[in-house]
Structures are given as C-alpha cells and as structure tokens.
A.B. asks: 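Attaching a single structure in structure tokens format; questions to follow.
The figures here come from the full heavy-atom set of this structure, side chains too, leaving out hydrogens, waters and symmetry mates. Numbers restart at 1 for each chain; the letters A, B, ... are given by sequence-line order, proteins then strands.
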2 protein chains.
Amino acid sequence: MAARDLQERIKKLILDRRLASGAPLPTEPELMEHLGASRNSVREALKALQAMGIVEIRHGFGTYVGPMSLAPMIEGLAFRTVAGHYRGEDSLLQLLELREAVETGLASRLSGRIPDADLIELDALVDRMEEEAARGAGLAETDRAFHATLYRGLDNALLCEVLEAFWDAFHRVRTDLGGEPQDPKVTCRQHREILDAVRSGDSMRAEEAIREHFGNIRARLSTTAPQSPHTRHNERV
Amino acid sequence: MAARDLQERIKKLILDRRLASGAPLPTEPELMEHLGASRNSVREALKALQAMGIVEIRHGFGTYVGPMSLAPMIEGLAFRTVAGHYRGEDSLLQLLELREAVETGLASRLSGRIPDADLIELDALVDRMEEEAARGAGLAETDRAFHATLYRGLDNALLCEVLEAFWDAFHRVRTDLGGEPQDPKVTCRQHREILDAVRSGDSMRAEEAIREHFGNIRARLSTTAPQSPHTRHNERV
DNA sequence: CGGTATTTGTCCGTATGTATA
DNA sequence: CTATACATACGGACAAATACC
C-alpha cells in the first residue's frame with residue numbers, strides 16, 4: 001500500500017522543493033519521519049528511484065538528486081536486447097534498425113545546419129579514426145564522439161542524449177556478445193563520406209551515406225547473429 | 001560491496017536460465033540462499049530491477065520476469081521533463097521537438113510502405129477523431145492510436161515502442177502541467193492531411209504535414225510554457 | 001465458505017563500513 | 001586518532017495478499 005506511494009511522494013518532494021540535480025535530499029531518518037515509513041521501506045523506494053536515475057546515493061555521505069540522465073534507459077534497453085538475443089530473437093538487429101531509422105531521418109535536418117566549429121571537430125575525429133585504424137586500435141570511442149558531435153547542431157540536448165543512449169546500448173550489447181568489429185578502413189571511409197555529404201548540404205546524399213554506414217554494420221551483424229551461447233557471457237550484462 | 005553486484009547476479013540468473021517474460025523467478029528465500037545475501041538486500045536489488053522493468057513483483061504470489069517494456073523510460077522521461085519545467089527550463093518543448101524530429105524524419109520511410117489494412121485503420125481512426133471532436137470528447141487516445149498505427153508499417157516493434165513511449169511521456173507531462181488542449185477541428189484536419197500525404201506516397205508532402213501538426217502543438221505549448229525566466233539555476237548537463 | 005500454507009510487504013534492532021571534522 | 005553522522009547490511013518478527021484444499 002505504501003511501496004508504490006513512497007516513490008511518488010519522494011518524487012513529489014523533489015518537485016515541490018524545486019531541487020536541482022546534485023541538491024541534497026533529506027537523510028533516511030528524516031525521510032522516515034516525513035513519510036511515516038520505516039527505514040527499510042524508505043530504502044527500497046530510494047533504491048528504485050536510484051535505478052531510474054532520479055536520486056543518487058553516496059555511501060556514508062548522503063542522498064542527492066540524481067543527474068536524471070538516460071543511463072537507466074540504456075541499462076533497460078541493453079538487458080532487453082541481450083535477453084531477446086539469447087532467446088533467439090533478432091533484438092540486436094532491431095536496435096540497430098532503430099538507430100538507422102532515426103539517424104537517417106535526421107539527415108535532412110542536418111544539411112547546412114552544422115556550425116563550422118562542429119565541422120572542424122568532425123574532421124579531427126575522422127582523422128583520429130584513421131590514425132587509430134592505422135595502428136590497429138579500437139575506434140569505438142571516436143565513433144561515439146563522431147555521432148554525438150554530428151547531431152549537436154540540431155540544438156536539442158534531449159535528442160542528442162537519446163541518440164547517445166541508443167549508441168551506448170547497441171555498443172554494450174555488441175561487445176558483451178563478442179561480435180566481430182567491422183573493417184576499420186571501411187568505417188573510416190564511410191564516416192568521411194557522411195561528413196562530406198552533410199558539409200555539402202545535399203540531404204539525399206547524406207541520408208544515403210548514413211544508410212550505407214548502417215548497412216555495413218548490419219552485414220557484420222548477420223554473420224554472427226544466430227548463435228546460442230553455451231559459453232559464458234560478460235558480467236557487465 | 002554487494003548492492004550493485006546483487007542486481008547483476010540476478011540479471012545473470014535470468015540470462016543463464018533463458019527466462020522469458022512472465023517466467024517465475026526463485027522466491028526470496030531461495031534467492032537469499034543462492035546469492036548468499038540477506039532478505040533486505042535481495043529485496044532492494046529486486047526493487048531496483050522492478051523499477052527498470054526487468055522483474056515484476058506480485059504481492060503474495062511471487063516474482064516474475066518483467067515485460068521489459070519501455071514503461072520505466074516513460075517514467076524517467078516524464079519526471080525529468082516535469083522537474084525541468086518547474087525549474088524554468090524548456091524541457092517540455094525539447095521533448096516535443098524530439099518527437100517532431102524523429103517522426104518527420106520517418107516520413108520518407110513511410111511513403112508507400114504502409115499496408116492497405118493499416119491505411120483503412122487510419123481512416124477509421126481519423127473518422128473517430130472527427131466524431132469525438134464533434135461531441136466535444138477528448139481525442140487523446142485516438143491520437144495515440146493514430147501515431148502508433150502510422151509507424152506500424154515500418155516493421156520494427158522496438159521503434160514503435162520508442163515512439164509510443166515518447167508520446168506517452170509528452171502526454172503525461174502536458175496533462176500533469178494542465179496545458180490547454182489544441183483545437184480539435186484543427187487536429188482532425190491535420191491528421192487527415194498526414195494520412196492523405198503518406199497514402200499519396202509523396203514523402204516531402206508527408207514530412208511537411210507532420211511538421212505542421214507538431215507546429216500546431218508547439219504553438220499551443222508556447223502560450224503557457226515560459227515561466228520565471230530569471231530564475232536560472234546552475235546545472236550541469 | 002473457511003482454514004492453511006506460501007509468498008511478498010513492512011517494521012524493529014543492531015552491528016559494520018565510510019566519509020567528514 | 002577520536003568522534004560524529006551517514007549509509008550498508010544482517011537477522012528476526014509479524015502483517016497482508018494470494019493460492020489451494
């Protein structure tokens with residue numbers, strides 16, 4: 001009777017007091033008194049809110065309003081995808097197609113709207129990507145930065161966060177499942193093409209470039225997709 | 001030391017046993033023994049997993065693998081948006097723009113890919129919308145069904161779920177904040193236009209129709225959105 | 001219909017680890 | 001190093017909800 005209600009009341013408390021991210025919450029004893037519940041119930045409610053990124057609990061220090069990032073969504077999406085994959089579904093492909101649909105759809109918005117500063121940064125990122133590819137290093141982080149920077153010009157922080165969340169979830173699942181990385185050379189060339197396309201302002205060309213990039217990942221995916229891992233998986237899941 | 005680990009081990013247990021949604025989990029005493037932790041710790045871990053939609057707890061019955069829906073994401077997005085709005089940010093507008101960017105971007109994919117059965121259903125939905133508008137009823141549910149049906153033809157269940165989640169979050173926030181509903185007549189006309197546009201296969205026209213639809217909502221939003229612009233809090237992204 | 005067993009919900013008390021002063 | 005405040009973890013107890021006989 002109180003369990004679900006406690007979370008709502010704590011959320012209401014945050015809203016009523018206009019607490020910003022990082023602001024301290026009342027201590028557990030204070031919350032016990034304010035909410036009229038035991039320590040255990042309060043703790044369970046806080047744990048649930050922590051899982052949703054609404055509060056942040058620091059051991060031996062206190063409880064604070066969380067960053068309200070989309071990290072919980074990443075967790076949920078990643079687990080859902082891994083679980084589906086293990087059960088023989090094409091969940092990983094669906095996640096990739098979700099990214100493809102959204103990012104290709106955004107291509108037309110991108111054309112000519114990217115600030116020069118971002119274009120320069122994107123150039124540097126592709127350069128770094130080629131340098132990493134040359135020395136055989138992983139270029140996952142650079143790829144992430146490229147996609148993040150690409151959509152920064154849309155001037156919507158929420159949209160960028162969602163896209164980054166999709167990227168994170170996909171990347172986590174693919175690495176946890178031990179998928180083979182695609183050919184770095186091809187990846188570099190395709191990112192260069194995306195960058196040139198959006199710079200030229202040709203929306204159709206940009207869309208095609210992004211579509212081809214995802215088509216490449218998809219091809220790598222289908223080679224390792226139908227597996228039933230009796231082996232163990234990473235503990236990161 | 002065990003808190004974060006317990007969640008991972010329970011998730012690992014679900015993956016190892018290939019448990020599908022709705023499958024029963026071990027009872028709390030069994031989990032206590034299997035994980036070597038006390039009941040409170042197990043319960044807190046389960047509460048966190050419940051908040052992420054990974055498990056489902058039914059009082060007096062048992063614990064089960066959750067539906068793994070995007071409901072937690074809706075909660076998180078909605079709360080994040082409400083909290084931001086109360087603190088004077090344009091979070092609600094950002095959420096709307098997120099929907100607009102994604103849905104307009106999907107318009108080109110839609111053209112000519114919608115099955116006839118879905119087109120018939122969409123016709124019926126707009127008819128119902130007009131009927132509801134005529135008698136002054138709320139047409140939120142019908143609007144939700146329209147958008148859900150529209151993107152069903154993309155053949156990606158995950159994408160549809162994400163779009164529905166965005167819709168739910170936006171609608172919940174707007175109603176919680178007591179925003180004024182837009183003119184039903186205009187809404188009906190714009191949905192009819194969207195439907196006709198995607199039926200014609202003209203992707204540019206479809207994109208424009210969707211953009212105008214969102215433009216209408218945005219206009220309604222801006223009348224009540226900006227409050228206390230001088231109360232700027234310092235916050236990290 | 002009632003009784004009983006099972007399972008989760010809530011609460012209390014206590015001890016331990018951690019960070020600040 | 002000591003003291004204080006806080007979160008973490010444990011074990012036990014009873015209440016509430018559900019299923020089954």
Side-chain angles (χ1 to χ4, degrees), chain A residues 1-14 17 19-69 71-72 75 235, chain B residues 1-14 17 19-69 71-72 75 236:
Chain A
M1 176 172 175
R4 200 69 184 177
D5 201 44
L6 276 186
Q7 297 180 28
E8 296 301 323
R9 287 167 66 187
I10 295 178
K11 286 200 277 187
K12 193 172 188 304
L13 184 144
I14 296 177
R17 302 191 181 180
L19 297 180
S21 291
L25 250 64
T27 66
E28 286 179 351
E30 286 172 333
L31 282 177
M32 287 169 57
E33 186 179 8
H34 180 67
L35 302 172
S38 76
R39 185 180 322 243
N40 219 321
S41 302
V42 171
R43 281 185 57 78
E44 287 180 6
L46 286 177
K47 274 284 178 184
L49 292 178
Q50 183 189 34
M52 290 189 281
I54 293 178
V55 308
E56 185 179 350
I57 308 176
R58 273 181 278 182
H59 193 142
F61 194 49
T63 312
Y64 298 83
V65 178
M68 301 196 196
S69 71
E75 288 290 324
E235 56 104 11
Chain B
M1 171 164 149
R4 199 68 184 176
D5 201 44
L6 276 186
Q7 297 181 27
E8 298 301 325
R9 287 167 67 188
I10 295 177
K11 288 200 274 187
K12 192 172 186 303
L13 185 145
I14 296 176
R17 303 190 181 179
L19 297 181
S21 291
L25 251 63
T27 65
E28 287 177 353
E30 286 172 333
L31 282 177
M32 287 169 57
E33 187 178 8
H34 180 69
L35 302 173
S38 76
R39 180 150 178 247
N40 274 332
S41 302
V42 170
R43 281 184 57 79
E44 286 180 8
L46 286 176
K47 274 285 178 184
L49 292 178
Q50 184 189 34
M52 291 189 279
I54 293 178
V55 307
E56 186 179 349
I57 308 175
R58 274 180 277 182
H59 191 165
F61 191 50
T63 311
Y64 299 83
V65 179
M68 301 196 196
S69 72
E75 287 292 322
R236 60 164 186 257

A.B. asks: Give the rounded distance in Å between these two atoms: CG of A:Leu25 and P of D:dC6.
C.D. replies: 13 Å
A.B. asks: Output all residues satisfying side chain to side chain contact (heavy atoms under 4.5 Å, CB included) with B:Ala20, sequence neighbours left out; order by chain, then residue number.
C.D. replies: A:Arg87
A.B. asks: Rounded to the nearest angstrom, tell me the gap between atom CZ in A:Arg4 and atom C1' in D:dA17.
C.D. replies: 18 Å
A.B. asks: Out of D:dT8, D:dC6, C:dG9, which nucleotide sits closest to the side chain of B:Glu28?
C.D. replies: C:dG9
A.B. asks: Report the C-alpha separation of B:Thr63 and B:Glu56 in whole Å, then their side-chain angles, then the decisive distance to 0.1 Å, and conclude whether the side-chain contact (heavy atoms from CB on, under 4.5 Å) test is met.
C.D. replies: CA-CA 6 Å; B:Thr63 311; B:Glu56 186 179 349; over 6 Å; no
A.B. asks: Would you indicate whether the side-chain heavy atoms of B:Lys47 and A:Arg43 approach each other to under 4.5 Å?
C.D. replies: no
A.B. asks: Please confirm whether the backbone N or O of A:Leu35 pairs with a side-chain atom of A:Arg9, one donor and one acceptor, at under 3.5 Å?
C.D. replies: yes
A.B. asks: Can any side-chain N or O of B:Ser21 pair as donor or acceptor with the backbone N or O of B:Gly66 at less than 3.5 Å?
C.D. replies: yes
A.B. asks: Between B:Leu31 (CG) and D:dC10 (P), how many Å, whole number?
C.D. replies: 14 Å
A.B. asks: At under 4.0 Å between heavy atoms, which parts of nucleotides 11-21 of chain C does protein reach? Answer with one letter per nucleotide, 5' to 3': B base, S sugar-phosphate only, - none.
C.D. replies: BB----BBSS-
A.B. asks: Could you tell me whether the side chain of B:Ile10 reaches within less than 4.5 Å of the side chain of B:Leu49, counting heavy atoms only?
C.D. replies: yes
A.B. asks: When the distance from CD of B:Gln7 to C1' of D:dT8 is rounded to whole Å, what number comes out?
C.D. replies: 14 Å
A.B. asks: Within this structure, what is the CG-to-C1' distance between B:Asp5 and D:dA9, rounded to whole angstrom?
C.D. replies: 14 Å
A.B. asks: Once you round it to whole Å, what is the distance between C1' of D:dA17 and OH of B:Tyr64?
C.D. replies: 13 Å
A.B. asks: Could you tell me whether B:Arg43 contacts a base, only the sugar-phosphate backbone, or nothing, with contacts defined as non-hydrogen atoms closer than 4.0 Å?
C.D. replies: base
A.B. asks: Does D:dA7 have OP1 or OP2 under 4.0 Å away from a side-chain N or O of A:Thr63?
C.D. replies: yes
A.B. asks: Taking 4.0 angstrom as the limit, do B:Lys11 and A:Glu75 come out as a salt bridge?
C.D. replies: yes
A.B. asks: To the nearest angstrom, how far is A:Arg58 atom CZ from D:dT8 atom P?
C.D. replies: 12 Å
A.B. asks: Take the protein atom CD1 of B:Ile57 and the nucleotide atom P of D:dA17, then report the distance between them rounded to whole Å.
C.D. replies: 16 Å
